[in-house]
Amino acid sequence: KEFPVRLEPDTLTLQNEPSKELPDWTKLSYQQCPNCPLKERDHPRCPTAVALAEVIDYFKDSLSSEQAEVEIITESRSYRKKAPLAAGVSGLIGLVMSTSGCPILGKLKPMVREHLPFASLKESLYRFLSMYMLAQRLRAWKGLVPDWEMKGMIQLLEDLRSVNRAFCQRLYAICRKDANLNALVHLDCFADNTAFFLKRKGLDDLAKFFTNHFD
């Protein structure tokens, strides 16, 4: 089974055509995320649910522990790994969610261009922190107030966790097995573990790699 992900080159916005017949669980009001800024009159359907409808339907009867040959082909390189199905589905869902048009998940869109399949927690953490700090530099460049102290990062992680958990609620009624749900749990664990790392360890673990920059 192939899942093409077509992105608009300049904005990285998902260009895939939505399914012609959308299920009820794609309605914005169906288990709407508590922090969702969208209004039903303007957005009758959740953009993330619409973008994921085909993926969710295909894997709704699959077990997360099933072994699968997963191959990701990009413009620059390819990745291939035999892994539990949930690991492959998680990468696909994360990519689609961040490019779907959701105003909260869209804050992860800058990571899409350098998408790293099967990334470890440390790799994802490094990319996430780098993206956040570059975003602050660009905010300053645009004349906006930057968050150099990264105080807003914890709130962003909390927002991501809220979306992931609410989206799980959308899927409970339709997923007879757990591949989709555990794929979302993987994404939620990243947000949870990143928040834990920042609160408990700060940046000390990363600082030791940057000693040449401290002269």
Ignoring hydrogens and angles, tell me if any N or O in the side chain of Asn16 forms a donor-acceptor pair with the backbone of Pro4 under 3.5 Å.
yes
Would a single hydrophobic cluster contain both Phe59 and Val96, if residues Ile, Leu, Val, Met, Phe, Trp and Tyr are joined by side-chain heavy-atom contacts under 4.5 Å?
yes
Test your reading of the model: is there a side-chain donor-acceptor pair from Arg139 to the backbone of Val145, 3.5 Å cut-off?
yes
Thr99 side chain reached by Thr13 side chain, heavy atoms, under 4.5 Å:
no
Measure the spacing between CG of Leu38 and OG of Ser29 and express it to the nearest 0.5 Å.
12.5 Å
Test your reading of the model: is there a side-chain donor-acceptor pair from Asn164 to the backbone of Leu184, 3.5 Å cut-off?
no
Measure the OH-CG distance between Tyr132 and Asp147 for me, rounded to the nearest 0.5 Å.
3.5 Å
I need the Tyr126 OH to Ser120 OG distance, nearest 0.5 Å.
13.0 Å
Run Leu63 and Leu85 through side-chain contact (heavy atoms from CB on, under 4.5 Å) and show every step you take.
CA-CA 7 Å; Leu63 288 170; Leu85 188 59; over 6 Å; no
Salt-bridge contact Lys1-Glu54 (side-chain N to carboxylate O under 4.0 Å)
yes
Does the side chain of Ser65 come within less than 4.5 Å of Pro84's, by heavy atoms?
no
Could you check Gln15 against Leu7 for side-chain contact (heavy atoms from CB on, under 4.5 Å), going step by step and ending with a plain yes or no?
CA-CA 5 Å; Gln15 297 295 293; Leu7 304 176; 5.8 Å; no
Can you confirm whether Pro34 sits close enough to Ser162 that some side-chain heavy atom of one is under 4.5 Å from a side-chain heavy atom of the other?
yes
Quick one: do Thr11 and Lys109 satisfy side-chain hydrogen bond (donor to acceptor under 3.5 Å, both in side chains)? Show the steps, please.
CA-CA 9 Å; Thr11 64; Lys109 195 188 292 184; 5.2 Å; no
Once you measure the plane-to-plane angle for Tyr58 and Phe3, does it fall in the parallel (<30°), tilted (30-60°) or perpendicular (>60°) bin?
perpendicular
Pair Arg127 + Glu114, salt bridge at N-O below 4.0 Å:
no
Shared hydrophobic cluster for Phe128 and Leu134 (ILVMFWY, side-chain gaps under 4.5 Å):
no
If you define the side chain from C-beta out and look only at heavy atoms, does anything of Cys36 sit under 4.5 Å from Leu28?
yes
Pairwise distance CD(Gln169) to CD(Gln31) - rounded to 0.5 angstrom:
5.5 Å
Heavy-atom donor-acceptor pair, Ser64 side chain to Ala179 backbone, under 3.5 Å:
no
Heavy atoms, side chains only, cut-off 4.5 Å: are Val70 and Phe118 in contact?
yes
So for atom CD, which belongs to Glu17, do other residues, nucleotides or ligands contribute more than 12 heavy atoms lying within a distance under 6.0 Å?
no
Linking I/L/V/M/F/W/Y whenever their side-chain heavy atoms sit closer than 4.5 Å, directly or via other members, would Leu160 and Leu125 fall into one cluster?
yes
Do Met133 and Ile154 sit in one hydrophobic cluster, given that two such residues count as connected whenever their side-chain heavy atoms are within less than 4.5 Å of each other, even indirectly?
yes
Flag the pair Asp159 / Leu105 as yes when at least one side-chain heavy-atom distance between them is below 4.5 Å, and no otherwise.
no
Compare all side-chain heavy atoms of Ile104 with those of Cys33 and state whether any distance is below 4.5 angstrom.
no
So CG of Leu14 and CD of Glu8: to nearest 0.5 Å the spacing works out to 11.5 Å
Dump the intermediate steps for side-chain contact (heavy atoms from CB on, under 4.5 Å) on Tyr79 and Glu71, then the final yes or no.
CA-CA 6 Å; Tyr79 305 84; Glu71 185 175 24; over 6 Å; no
Is the closest side-chain heavy-atom distance between Ile93 and Phe167 below 4.5 Å?
no
Distance col, row Arg170:CZ vs Lys27:NZ, nearest 0.5 angstrom, shows 11.5 Å
Given side-chain contact (heavy atoms from CB on, under 4.5 Å), test Thr26 with Tyr30 step by step and report yes or no.
CA-CA 7 Å; Thr26 63; Tyr30 187 97; over 6 Å; no
Where the side chain of Ser78 meets the backbone of Thr74, is there a donor-acceptor pair that is under 3.5 Å apart?
no
Tell me, yes or no, whether the heavy-atom count around Glu69 atom CD, taken from other residues, nucleotides or ligands under 6.0 Å, exceeds 12.
yes
Looking at Lys60 and Asp57, is there a salt bridge between them, counting it only when a charged N and a carboxylate O are closer than 4.0 Å?
yes
Would you confirm whether Arg113, through its side chain, and Pro9, through its main-chain N or O, come within 3.5 Å as a donor-acceptor pair?
yes
